[in-house]
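Every chain is numbered from 1, with letters handed out A, B, ... down the list of sequences.
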There are 2 protein chains.
Amino acid sequence: MQEDKAPTTSGIRSQSEESAERLRAYLHQGAVRGRTTDDVTGAMREAILDGVLPPSAWLRESELATAFKVSRTPVREALKRLADEGLVIKTAHHGAMVASLSLEDVLALYVVREDLEGLAARLAAVRCPEGLVEELDEINAAMREAAGREAVAELSKLNLAWHRALRTGAANPYLERFLGQVEHAVRRLPATTLGHPGRAEEVLAEHEAVARAVRERDGETAEREARAHMRRAREIRLAVLLGG
Amino acid sequence: MQEDKAPTTSGIRSQSEESAERLRAYLHQGAVRGRTTDDVTGAMREAILDGVLPPSAWLRESELATAFKVSRTPVREALKRLADEGLVIKTAHHGAMVASLSLEDVLALYVVREDLEGLAARLAAVRCPEGLVEELDEINAAMREAAGREAVAELSKLNLAWHRALRTGAANPYLERFLGQVEHAVRRLPATTLGHPGRAEEVLAEHEAVARAVRERDGETAEREARAHMRRAREIRLAVLLGG
DNA sequence: CTCGAAGGAATTGCATGCAACTTGAATGTG
DNA sequence: CACATTCAAGTTGCATGCAATTCCTTCGAG
């Protein structure tokens, strides 16, 4: 609906128009029919995690529908699913808004994360599937290179990939699902801890300690190191959140 | 829609008609407008967990819609949400079916469960919120009484309540969510382990050991006992699944 | 000036219609 | 007889329309 017939002078785009294009960029190109809802769900999730849809922003079905150039139905379903994941909060007949995390939520999150990442490291070490150690080392090498260039955004992406590789190596679908949800929650936090002075080098060392234990199939050490890694991550996170 | 004008002789109900009534019973009575989808989602979830919708059963949107006397829209949304939870599997343009758990899934589930229940017990013990110990003891007493009557179904319900109370006492929203998903997965398993000879008494003793540690605010012991409880539960579960 | 109530605009909630896709069976061909 | 091909029935996927509900503004009374 709502065409570009805005009363503004041609050549000047309204704010909503720009926002709409940014959102549309998150849609997968090859959007075949039959997966529109999944695409919209993923796009909105990424938009929220990237901060394009900031916390406390109101999400209107029709607005999002015109932005994505789809009908309200897939948007509506996507909002329900994201509400189940805890990313948005819905209020009946009024709208949905991006949920924000309290400090208590962050603490609770890291408590669970320490446990689950530790479990993932232990399982991965015990199984030690073909190629896992190489993959971990490869990602960590890429991280070292990115750290040298001070490319924090890239570093952050690689860090996520490292943890994903580790939990995939654990080969436990439930653990995978829960750690995926944890990742979504962590990515909602503003900024990253990898920009903190000296943290990047620490992370590299901690990752190496875990990878070493995995290579030696030492489950206990892998768990201990992974938990220590997460405790340290929590400390830095709190410093970043509180200290500014 | 679809009235009772079935071509069968009056007085004889078709099988689908009976099934529809059983499903409808899961809907909350005071279904106010604005919560139809949530009601349908919950009803379908409970129906699946109770085995009314058995694994490998095909779930047709229109069929369920007429059964619940709603339109296809809320049913459709419910199916998507249940698919996210892993309870059903959808195939595009063909239908959704109730997912079944493989033996490997069960093992993976209990591995994660051991960790999370242990964490919940530790956190609950450290916090030891007002009234928690009393609630645990109360539920356990009710379980003892039910065990005496050999009321297995009631015993199972109380057992779920005990674990829910413990994790609520941990006061960690992420832990609560994940253990809720674990509970859904466990409830999908056929039968219960509490019918196994002698298991009910064991469970009572193990619960008491955890509750005692919680009372004494001994986090380490609580975690150790809870993990032992889950390991034993897994053993019995495997015996029930394999031994018949 | 403050507080309360009523009305209207905006938004979501659900129902339904049509198009696209999948599947299986029937048919024709080698 | 085996196999590929076509076609038709059935199902879901998405778009849209209408009704119910909410919230905010405005108006009136104290």
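- Under the 4.5 Å side-chain criterion, counting only non-hydrogen atoms from C-beta, A/Leu123 is not in contact with A/Arg167.
- The distance between atom NZ of B/Lys90 and atom P of C/dT22, rounded to the nearest whole Å, is 15 Å.
- The aromatic rings of A/Phe178 and B/Phe178 lie parallel to each other, with less than 30° between the two planes, well short of the 60° mark.
- A/Arg60 has its CZ atom 5 Å from the P atom of C/dT11, to the nearest Å.
- Between the side chain of B/Arg24 and the main chain of B/Lys69, no donor-acceptor pair closer than 3.5 Å is present.
- Other residues, nucleotides and ligands contribute more than 12 heavy atoms inside 6.0 Å of the CD atom of B/Glu134.
- Distances shorter than 4.0 Å separate none of the side-chain N or O atoms of B/Thr37 from OP1 or OP2 on C/dG13.
- Side-chain N or O atoms of A/Thr41 include one that pairs as donor or acceptor with a backbone N or O of A/Thr37 at under 3.5 Å.
- Across the protein-nucleic acid pair, B/Trp58 atom CH2 and D/dG10 atom P stand 16 Å apart, rounded to whole Å.
- Remark: P of C/dG13 and NE2 of A/His94 are 12 Å apart, rounded to the nearest angstrom.
- Taking atom CD1 of residue B/Ile89 and atom P of nucleotide D/dT12, one finds them 16 Å apart after rounding to whole Å.
- Of the residues in residues 69-78 of chain A, those lying under 4.0 Å from DNA chain C by heavy-atom distance are A/Arg72, A/Arg76.
- Spacing between atom CD of A/Glu61 and atom C1' of D/dA15 amounts to 13 Å, rounded to whole angstrom units.
- As a whole-Å value, the separation of B/Leu59 CG from D/dT12 C1' is 13 Å.
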Exercise for the section: Quick one: do B/Ser102 and B/Asp105 satisfy side chain to side chain donor-acceptor pair (under 3.5 Å)? Show the steps, please. Expected result: CA-CA 5 Å; B/Ser102 69; B/Asp105 288 332; 3.2 Å; yes

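- Between the CG atom of A/Leu64 and the C1' atom of C/dT12 there is a distance of 13 Å, rounded to whole Å.
- Annotation: of the two residues near DNA chain D, B/Gly95 and A/Ala92, the 5′-most nearest-nucleotide partner is B/Gly95.
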